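Keep in mind that this is a model prediction, so the values were computed, not measured.
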Amino acid sequence: MAIHASDPIIHAGLVSCLRDDRRIHEVPPDRIQEADVIVLAVENADAATLDLMRTLSDKPDARFALVVGGQWQTDIAAAVDLGVRAVLWRNSFTVANFIRTLLTLAEGGGSLPPTLQGTLMQQIQWVQREVLAPRSLAASGIGAREVDVLRLVAEGKEFAEIATRLSYSERTVKYILYGVMKRMRLRNRAHAVSYAIRAGLI
């Protein structure tokens, strides 16, 4: 874990929260790219915060925990896209919750305040309804008919049987399956099925 705070007092306070917990190790500032989780303390979460996140880590799987003293003033979906996985309000900050949040993030989880969760859900709902659904896509990037084909492939069905079941031609079934594999960069049918299962699609 790495801590970035422009205020040295806040930085020292966050470091002291972890002093007695041997499960969490602080990475020096010059090795911030090696951290599993980056804690970023800011007054307000705004466009400048997102810019700072980009400079702190260019890893596609970066995970940030923001400690916010003031207000949330930026797009929550954009923040999540940049790696925000947790937000802690400074006015309700506790050491126990801070440590629990860091451990949750290290295990691949997340922790957002209810108000931000609600905003994010509204944005996802709007994108699904207005952008993806008209194009027969889902947030996973895989459409409904592609999911139908993958589900039947997972059940061990052959192309001819899938075509009969879905009232498609065999050629269409192959086109759908190979289209998913190419778009999602999947190596073979087993890889495609595995991806769909991990994404919770089937």
For this session: May I ask you to list the residues sharing a hydrophobic cluster with I38, side-chain cutoff 4.5 Å, ordered by chain and number?
Result: I32, L40, V42, L50, L52, M53, L56, F64, L66, V68, W72, I76, V80, L82, V84, V87, W89, L112, L116, L120, I124
For this session: Begin from the C-alpha positions of R187 and M181 and carry the test side chain to side chain contact (heavy atoms under 4.5 Å, CB included) through to its verdict.
Result: CA-CA 7 Å; R187 293 184 302 276; M181 289 167 56; over 6 Å; no
Exercise. Distance-only, no hydrogens or angles: does the E130 side chain make a donor-acceptor pair with backbone N or O of V127 under 3.5 Å?
Worked result: no
Exercise. Counting distance only, does the side-chain N/O of K59 pair as donor-acceptor with the main-chain N or O of Q33 below 3.5 Å?
Worked result: yes
For this session: Decide whether Q71 and D46 meet the rule of one side-chain donor and one side-chain acceptor closer than 3.5 Å.
Result: no
Problem set entry | Residues T104 and R100: side-chain donor-acceptor under 3.5 angstrom | no
Drop me the distance from [X]'s [atom1] to [Y]'s [atom2], to the nearest 0.5 angstrom.
X	Y	atom1	atom2	answer
I202	E155	CD1	CD	8.5 Å
E107	L102	CD	CG	11.5 Å
Q122	Q117	CD	CD	12.5 Å
D7	L14	CG	CG	10.0 Å
S194	R189	OG	CZ	15.5 Å
I99	M1	CD1	CE	10.0 Å

If you take all heavy atoms of [X] and [Y], which pair is closest and at what distance?
X	Y	answer
L105	R63	O-NH1, 2.6 Å
S16	G13	OG-O, 2.7 Å
A41	I10	CB-CG2, 3.8 Å
L150	A196	CD1-CB, 4.0 Å
V37	A106	CG2-N, 4.0 Å
A154	V193	CB-CG1, 3.6 Å

For this session: Would you please name every residue forming a ring pair (Phe, Tyr, Trp, His ring centres under 6.0 Å) with F98, sequence neighbours left out?
Result: F93
[Y] side chain reached by [X] side chain, heavy atoms, under 4.5 Å:
X	Y	answer
E26	V15	yes
Q73	T49	no
V149	R145	no
R85	S111	no
I142	Y195	yes

With hydrophobic residues grouped by side-chain heavy-atom distances under 4.5 Å, do [X] and [Y] end up in a single group?
X	Y	answer
M184	I197	yes
L132	M121	no
V27	I24	no
Y175	V153	no

Exercise. Do E146 and R183 sit within salt-bridge range, that is, some charged N less than 4.0 Å from a carboxylate O?
Worked result: yes
Seminar exercise, completed: So side-chain hydrogen bond (donor to acceptor under 3.5 Å, both in side chains) across residues 156-170, not counting sequence neighbours, yields S169-T172
Exercise. If you draw a 6.0 Å radius around CZ in R129, do more than 12 non-hydrogen atoms from other residues or ligands fall strictly inside?
Worked result: yes
